[in-house]
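All values below come from the heavy atoms of this structure, side chains included, with hydrogens, waters and symmetry mates left out. This one's a predicted model, so the numbers in the text were calculated from it and none came from an experiment. Chain letters run A, B, ... following the sequence lines, proteins first and then strands; every chain starts at 1.
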Amino acid sequence: MTNSVPIPLQPAPSTAASSCGGHCADFTIAENLCQVLSNAWVNAEYKHLVLKAPPIALAVLPGQFFHLNCPPSGNDVPYLRRPMSLYRVSPQDCTIEFLYKVQGAGTRGLATLEPGATLDAFGPVGQGFTLPPQARHVLVLARGVGLATMAPLAQHAVQRGARVTAILSARSPALVMSEQYLRSVGADVIVVHDQDGSSDIAHIEKLVRERHAQLPFDLLTTCGSNRFLLALQRLGQELDVPAQVALEQLMGCALGMCFACVRPFRKSPGSETMSYRRVCWDGPVFDAQETVTW
Amino acid sequence: MTNSVPIPLQPAPSTAASSCGGHCADFTIAENLCQVLSNAWVNAEYKHLVLKAPPIALAVLPGQFFHLNCPPSGNDVPYLRRPMSLYRVSPQDCTIEFLYKVQGAGTRGLATLEPGATLDAFGPVGQGFTLPPQARHVLVLARGVGLATMAPLAQHAVQRGARVTAILSARSPALVMSEQYLRSVGADVIVVHDQDGSSDIAHIEKLVRERHAQLPFDLLTTCGSNRFLLALQRLGQELDVPAQVALEQLMGCALGMCFACVRPFRKSPGSETMSYRRVCWDGPVFDAQETVTW
Amino acid sequence: MVDMSVSIGKLTLQNPVMPGSGTFAEGMAKVIDLNGLGAIVTKTITSDLREGNTPPRVAELRNSTLFSIGIPSKGPEHYLEELVPFYRNYTPPLVASISANTVEEFGELAARLSVPGVAAIEANISCPNLKKDGQAFGMDPQATEAVIKAMKRNTDLQVWAKLSPNVGSIAVIARAAEQGGADALVSSNAILAMAIDIESHQPKVANLMGGITGSATKPILLRMAYQAAQAVSIPVIGCGGIATAEDAIEYLLAGCTAVQVGTANFISTSAMPRVIDDLQAYCVRRGITRIRDLVGAMKVHEAKLLEARAGL
Amino acid sequence: MVDMSVSIGKLTLQNPVMPGSGTFAEGMAKVIDLNGLGAIVTKTITSDLREGNTPPRVAELRNSTLFSIGIPSKGPEHYLEELVPFYRNYTPPLVASISANTVEEFGELAARLSVPGVAAIEANISCPNLKKDGQAFGMDPQATEAVIKAMKRNTDLQVWAKLSPNVGSIAVIARAAEQGGADALVSSNAILAMAIDIESHQPKVANLMGGITGSATKPILLRMAYQAAQAVSIPVIGCGGIATAEDAIEYLLAGCTAVQVGTANFISTSAMPRVIDDLQAYCVRRGITRIRDLVGAMKVHEAKLLEARAGL
Ligand SMILES: Cc1cc2nc3c(=O)[nH]c(=O)nc-3n(C[C@H](O)[C@H](O)[C@H](O)COP(=O)(O)OP(=O)(O)OC[C@H]3O[C@@H](n4cnc5c(N)ncnc54)[C@H](O)[C@@H]3O)c2cc1C
Ligand SMILES: Cc1cc2nc3c(=O)[nH]c(=O)nc-3n(C[C@H](O)[C@H](O)[C@H](O)COP(=O)(O)OP(=O)(O)OC[C@H]3O[C@@H](n4cnc5c(N)ncnc54)[C@H](O)[C@@H]3O)c2cc1C
Ligand SMILES: Cc1cc2nc3c(=O)[nH]c(=O)nc-3n(C[C@H](O)[C@H](O)[C@H](O)COP(=O)(O)O)c2cc1C
Ligand SMILES: Cc1cc2nc3c(=O)[nH]c(=O)nc-3n(C[C@H](O)[C@H](O)[C@H](O)COP(=O)(O)O)c2cc1C
Ligand code: FES
Ligand code: FES
């Protein structure tokens, strides 16, 4: 993965050094006070949040995330922020978007936000996906909310001239999210599901091998589950293609300060020496061959 | 004050012993789940809350109070309940009413209640006013929110055939609350205020002596301020009339359990021996001659 | 049906829920059915009559309260003449909490209260020891052991030791109380705390310091109860920040045989009945037939050594 | 204009606000202007390289958090080569926090870090003493004094002792640190606590126990800071649950010369700048010209004896 470049979605915002004693230029992360444009249910469990955001937030890269200051609601008083992957950024419209599952105190609070409300979105933070230069074919493998994390990568890779094959897995066809959105950004979408057994991991690996035979992948990506991670480790070695995985862990600060969000990693691919790395700061996207299941 | 009777506004609710293993009849206090009928601003600082309440709550006596479970609102999360005097009870309509000043976390939460909402009003608790039998003339002296506490006594005394002289003190005539309400229940209302100096304590004492000369008072009552307490102690001794005062103190339980709400009292009128009593359980209404300023 | 009973030595409680001393009084009988409780614990009394601390005695904190009551006490006479007969109308065992200035006084007061109608005596050893520079008995293992021993010599009733959390090692004090012959431990009393009004510059309770109680303290007092339970083989009764069945279950899992509910009684008089009902519902949902099977059932994480991960 | 400066011995801080060790890192420089801080305190390091505790390492509690990080450490080399040069780009004095397994190691590590660019060394004595049954140094007055003495012998820099709150008497430890030659005390580290998931029956952090930090702990740690400040004549730096200027003012009134902000940095990176601004605004509103005039300015309630009330 030498020769790779982190993905710049657009140039960093130009900030007037004069207004802040010359330090502004260093400030690439902020507590962005965003305005809620919409916050609608996608299905029974997921909501789609669209925010009007200031320039620092718009510099977010695929795979990066924000740490959201979820509002209290009733007896829910979230104390820490909650990490949420970028689902979509539109620098022209000054918007950032999230796709989230409502499950606990934080996301229940998020779900109460009405258009016009203010949300403090801390970020962008984290190391996103690293697209090899002149990438021609990228695999995106995702299930459930994992999609939120992968969508910006798909969009970006297409914009950079690569073909994107997105394999979306779900319990049933009805539960697949963002299929239309991914098609609209130009990805080739394959839906697999549990009902007809097409989401079986052997079947997915077969699909990947077939597509690779047609046009070799330069990058394999996934997020979340151990099952997909193991598949990508196998496929990456077999096909000799770099593989990256976006991980999650409970977080404190999301700024590399508290060391709460660590997971174990191999010091290098194949190494037996293990070391903890911070998901928020060293990731959330990691080389799949250095990642271990948990 | 021997020969006095606690004021029964109406008979205790008859409860079917069978439904609760024979213990129900002992349950005279409850966490009453009340329905908000209205909660309107009276002026810039005070709100008037009307609740539809279950039978146990309707047995409340003048001078008693409820301990309200104020809802959280935004970052305000009141932990303890807040004591609030009965302002009015209407057993026929099944309503209880409060008049409260919005000042801190608890009352700010109360202020957010919309009609239809549920409020848990614990009570009725406390020892209310004790009206001498065959009382013919009762003085009610109040300022500010003190009125809330005194209003039910005025209403009740009139119903019991007594004349009630209510002296309402305020910074300016515009700030006098409940004047109309007290007149409507049949009290003679005298408004005194700071602007023309009529609220001066010497002037108030003069008014009381004059009215006493016309028709002797059987009971002098007030609440809150040290100034009024001292006036009633003097007048009570001079005119040889019992005097009662409703007091406040920060509370924990409002059920006589925590001993947080104590204030010092003389063991008996004139005694030099002091002892703490619980405002919530031994009061909030006390014999003015046993009460000391704080 | 769930068997909700638990045993503290030879004493069987119909369920593991009782009030904490000082957070319950006769008034409660006007609101809830006292016969539903596992036991009844009364406010600490002393032999001498006391008025308690100067008000203000309470300040509200976030999810907690700061109380500085002192031990106002009407003495043993009042207890025997008023409270014992009152609680004799109810079925749960009555636990009398006592405090004293010296070891001997603890023994004498225990003897005085050993009457029919009292099932156990709880020693509140968080009070200052007059013979030892005013340091609380409960901060000193020798004094703790001596107090419990003096009480055991003077009564045939069960003796419970209510520990102070204001110590470096609660295990040391727990073992001292067990050594002294305590039949059970209560872990624990309130944590010493303070708050200052930044406008008046005055402490929020007149006594400067008070005990912080209520939900916010649970993670600390749960740890202490766990450490106490690990240290002894007598039953430990958990106390601190319990307001719901979930809170009570944490204490049971950590090794407590029963629980005391304190400040939550002030916030909702139905706290204890609700904890009992919800404990039962939890057991039903989880297929637990005897609540005592939850006691100490915490499963610690397997130690996954980082190095071992390399093999995965 | 308000004079916001405070002095810790010969060290003058432009304002009394700094981060707590372990709650701040280089990432913060991408968000706020570090030059606005009173000082910069870095995460504790040890001589040996350490990975820290098994995850999960954090659980959210009400108004607080349970962290169980351990002391992951990249060692002194990394500190000298990476962190010291990094923070040399900023003006506030740099305070290096260290920990060790033995008294001698504390001394050696202090010597190692005594380089230009480091202004003071903070001893995190909440870690277990390998030579004394693993009891934390900070729970033992002798060990505390020995650690500070060893450090003072090995460095000319200021030595701050960061006290553990998990003790019976913080005054005793505070005096021991002063006796050992500490230039200042930090009161205090996190309180030991635990939480159990009632569905899985597992502890919420893998290490079973962790430190409870954040707002909910303030009333307890404020009390400890007050007791420490009462016990010594060196400056005390208050720490625990500080998120707002109001919190900081309480600590100043209780006798602390400066404050450390910990968990609040995780909730809002602007916590420290806001505390500083709001402290200044408070002083302006109250006509206070020097913030150090607030230090120890608490006014205790007059003791109003109940008997004296009879005369009123
Ligand atoms: C880098 C990153 C990106 C993420 N992106 C998204 C996203 O785009 N959409 C989305 O719906 N979710 C995302 N998550 C997960 C999201 O942060 C959690 O669902 C959320 O914090 C839950 O908060 P809560 O208060 O609603 O639930 P809680 O009450 O805190 O928890 C509810 C359940 O969720 C689990 N949980 C909480 N936090 C996490 C976490 N950080 N990782 C995994 N499980 C957790 C808890 O253990 C619990 O079982 C992301 C997490 C990370 C670390
Ligand atoms: C028996 C009794 C009857 C009461 N009846 C009424 C009433 O009818 N209408 C009404 O408006 N208020 C009444 N009060 C006062 C009312 O309880 C307080 O105003 C209320 O608790 C304030 O709560 P908060 O959360 O809004 O304010 P907080 O933030 O708690 O406090 C705001 C301010 O009010 C003061 N305060 C808080 N509680 C009390 C208290 N119990 N007594 C005196 N001052 C207090 C605080 O010290 C602070 O200065 C009564 C109090 C008692 C004890
Ligand atoms: C107002 C009040 C008074 C108390 N009085 C006593 C007491 O007299 N004796 C005692 O042992 N504990 C006393 N306690 C401590 C409680 O019994 C209990 O140990 C403590 O409040 C922690 O539990 P909680 O968080 O559930 O309130 C008192 C607590 C409060 C809040
Ligand atoms: C994630 C985390 C890591 C910490 N690491 C250290 C540390 O390495 N050394 C230390 O002395 N204190 C450490 N602390 C303690 C803090 O410096 C501080 O004393 C404590 O959190 C209390 O302050 P707070 O309530 O403001 O967080 C840590 C605290 C947290 C939350
Ligand atoms: S969440 Fe704090 S280091 Fe990652
Ligand atoms: S408020 Fe608890 S005794 Fe009065």
Portion of A:Phe259 that has a non-hydrogen atom of chain D nearer than 4.5 angstrom: both
Max heavy-atom pair count under 4.5 Å with chain A, selected residue of D:Val58, D:Thr65, D:Asn63: D:Asn63
Reported CZ-to-SG distance for the pair D:Phe24 and A:Cys258, which is rounded to 0.5 angstrom: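 One gets 14.0 Å once the value is rounded to the nearest 0.5 Å.
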Structural part of A:Arg82 lying under 4.5 Å from a heavy atom of chain D: side chain
Between D:Leu34, D:Val205, D:Asn53, the one whose heavy-atom pairs under 4.5 Å with chain A are most numerous: D:Asn53
Spacing of OG1 belonging to A:Thr28 relative to NZ belonging to D:Lys30, to within rounding of 0.5 Å: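 Reported to 0.5 Å precision, the distance equals 4.5 Å.
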Per-residue contact mode, D:Thr269 against chain A (heavy atom under 4.5 angstrom):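 Contact with chain A: backbone and side chain both.
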Spacing of D:Arg62 atom CZ and A:Asp76 atom CG [to the nearest 0.5 Å]: 7.5 Å
Region of D:Thr263 that comes under 4.5 Å of a non-hydrogen atom in chain A: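 Contact with chain A: side chain only.
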Full working for side chain to side chain contact (heavy atoms under 4.5 Å, CB included) between A:Phe27 and D:Ile32: CA-CA 7 Å; A:Phe27 299 151; D:Ile32 65 164; 5.6 Å; no
When A:Val125, A:Val77, A:Asn75 are compared by non-hydrogen pairs under 4.5 Å with chain D, the top option: A:Asn75
Flag if over 12 foreign heavy atoms under 6.0 Å of CD, A:Gln103: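 Yes, because the 6.0 Å sphere around CD of A:Gln103 holds more than 12 heavy atoms from other groups.
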Atom CZ of A:Arg171 with >12 non-hydrogen neighbours under 6.0 angstrom: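 Incorrect, the count does not exceed 12.
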CD on D:Glu51 to CE on A:Met274, rounded to 0.5 Å: 9.5 Å
Side chain / backbone / both / neither for D:Leu61 at chain A, heavy atoms under 4.5 Å: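 Contact with chain A is through the backbone of D:Leu61 alone.
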Donor-acceptor contact below 3.5 Å, side chain A:Tyr276 vs main chain D:Pro72: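 No.
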Side chain / backbone / both / neither for D:Ile69 at chain A, heavy atoms under 4.5 Å: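 The answer is the side chain of D:Ile69.
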Student check: side-chain heavy atoms of D:Ser215 and A:Tyr79 closer than 4.5 Å: yes
Any side-chain heavy-atom pair of D:Arg57 and A:Val262 under 4.5 Å: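 Yes, close enough: below the 4.5 Å cut-off.
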Residue selection (most heavy-atom pairs with chain D, distance under 4.5 Å) from A:Pro78, A:Ala260, A:Gly256, A:Ala254: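 The residue among A:Pro78, A:Ala260, A:Gly256, A:Ala254 with the greatest pair count is A:Ala260.
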Straight-line distance of D:Ser64 OG to A:Leu80 CG, nearest 0.5 Å: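 Separation between the atoms: 9.5 Å.
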Heavy-atom pair count under 4.5 Å with chain A, highest-scoring of D:Gly52, D:Ser68, D:Ser270: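 Looking at each of D:Gly52, D:Ser68, D:Ser270 in turn, D:Ser270 comes out on top.
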Close side-chain approach of D:Asn265 to A:Leu255, heavy-atom, < 4.5 Å: no
Least distance between heavy atoms, D:Ala25 atom then A:Met257 atom: N-SD, 3.4 Å
Side-chain touch D:Pro55/A:Arg263, heavy atoms, less than 4.5 angstrom: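 Of all side-chain heavy-atom pairs linking A:Arg263 with D:Pro55, none is under 4.5 Å.
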Residue pair A:Arg81 / D:Phe266: nearest heavy atoms and the distance that separates them: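 Shortest heavy-atom contact: CD-O, 4.2 Å.
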